[in-house]
> 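Sharing a structure here in structure tokens format.
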Number of protein chains: 2
Amino acid sequence: MPFANTEIPGKFQALLAERGIRMTEQRRAILNVIETAKRHLDAGQVLRRARKLEPSIDRSTVYRTLGLLKRHGLIDELDLMHLDGEAHYYERKLNRDHIHLACLRCGKITEFVSDLFESLKEQIENDCQYQIAVARLEIGGCCSNCRT
Amino acid sequence: MPFANTEIPGKFQALLAERGIRMTEQRRAILNVIETAKRHLDAGQVLRRARKLEPSIDRSTVYRTLGLLKRHGLIDELDLMHLDGEAHYYERKLNRDHIHLACLRCGKITEFVSDLFESLKEQIENDCQYQIAVARLEIGGCCSNCRT
DNA sequence: ATCTTAATGCGACAGTGTCGCATTAAGATC
DNA sequence: GATCTTAATGCGACACTGTCGCATTAAGAT
């Protein structure tokens with residue numbers, strides 16, 4: 001998935017094994033797809049790609065696996081301003097939260113990290129007495145390419 | 001909708017009239033529902049409430065009207081971390097963007113404004129050369145009530 | 001009162017995501 | 001390696017959201 005690709009492939013598998021979760025051919029295929037994806041994929045795209053590795057995989061297995069990874073905090077679920085239909089997109093969770101900018105004209109997704117974002121989250125935790133589990137900042141607008 | 005309820009009821013109707021958009025009984029009912037709502041409503045809830053004022057209203061009219069209001073920048077569409085199903089929630093657009101905090105335990109939605117958020121948006125516009133149309137910051141976590 | 005055309009209701013549809021249930025296979029145990 | 005327990009799978013059915021085309025209705029200008 002986008003951004004620093006410093007993650008070790010197979011990390012998901014190791015992390016799930018640690019927690020005593022069974023590994024199946026289907027899961028291996030799905031994890032592989034997500035770990036090696038270069039862009040944000042929705043559930044349907046994950047299914048189609050995983051089927052190339054393991055043709056028997058069913059739609060519901062993909063949803064169940066995505067749910068599993070979400071519950072274990074290994075992936076984040078995004079809407080990306082619903083640029084294309086109503087599906088959700090998934091990406092590996094990295095050490096640092098990032099902001100998603102979706103160009104409403106060309107559909108390009110840009111990622112951005114910011115210390116200000118980190119400060120804002122801290123402010124919220126303090127001022128609102130909130131314990132943040134997920135923070136999703138999505139921006140829709142017009143990218144520089146589309147304005148020139 | 002939540003927050004400072006300083007808006008004049010009927011404002012939507014006036015704004016749409018200004019732009020030469022036809023007013024119908026159905027639209028009046030839907031606008032009324034959204035303008036007087038005290039919490040975030042999804043399309044289905046808007047439909048049910050609007051039907052109490054104008055029983056003939058169809059589902060597709062609600063969707064078309066929500067689309068109209070969105071296109072004219074009068075309402076914002078939210079996901080609220082999909083606390084309940086996959087529907088979208090709608091709220092009157094106010095002068096100032098606010099952050100939505102969704103408690104994953106009790107489902108309570110809290111709203112929060114922050115200068116830091118405004119600065120962050122400025123930073124993004126500058127650093128990324130982006131023209132922001134919509135900025136949606138949604139946070140999932142645990143509210144103070146649920147932790148005591 | 002007439003006319004144009006935007007807006008509506010209706011029906012059909014595609015897509016996403018969920019669930020129950022019978023079957024299969026992971027991986028622990030011997 | 002064979003056996004066993006139970007988690008995971010595939011399948012089918014389902015609910016729900018959101019979209020669209022089309023014939024009909026009614027807004028509001030004339």
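Order of the sequence lines sets the chain letters (A, B, ...), proteins ahead of strands, with each chain counted from 1.
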> For DNA chain C, find the residues of residues 76-85 of chain A with a heavy-atom distance under 4.0 Å and give them by number; none if there aren't any.
none

> Measure from the side-chain heavy atoms of B:M23 and tell me the nearest of C:dG17, D:dA8, D:dG28.
D:dG28

> Can you name the residues that form a salt bridge (charged side-chain N to carboxylate O under 4.0 Å, His left out) with B:E54, not counting sequence neighbours?
none

> Reading DNA chain C from 5' onward, which residue's closest nucleotide shows up sooner: B:E86 or B:T24?
B:T24

> Under the rule for ring-ring contact (aromatic ring centres under 6.0 Å, His included), what residues qualify as partners of A:H72, not counting sequence neighbours?
none

> To the nearest angstrom, how far is A:H88 atom NE2 from C:dT18 atom P?
9 Å

> Quick check: any donor-acceptor pair below 3.5 Å linking the side-chain of B:R22 to the base of C:dA7?
no

> Less than 4.0 angstrom from a charged side-chain N to a carboxylate O is my criterion; do A:R48 and A:D42 meet it?
no

> Count the heavy atoms of every other residue, nucleotide or ligand shown that sit under 6.0 Å from CG of B:N126, and state whether that count exceeds 12.
yes

> Between C:dT8, D:dA8, D:dG18, which one does the side chain of A:R27 approach most closely?
D:dA8

> At 10 degrees resolution, what angle do the end axes of the helix from C:dA1-D:dT30 to C:dC30-D:dG1 form when each is taken over five base pairs?
40°

> For B:A43 and A:I57, take the nucleotide of DNA chain D holding the closest heavy atom to each; which residue's nucleotide lies nearer the 5' end?
A:I57

> For residues 58-69 of chain A, which residues have at least one heavy atom under 4.0 Å from DNA chain C?
A:R59, A:S60, A:Y63, A:R64

> Within a 6.0 Å radius of atom CZ on A:R147, are there more than 12 heavy atoms belonging to other residues, nucleotides or ligands?
yes

> Mind checking side-chain hydrogen bond (donor to acceptor under 3.5 Å, both in side chains) for B:R28 and listing every partner two or more places apart, or none if nothing turns up?
B:E25

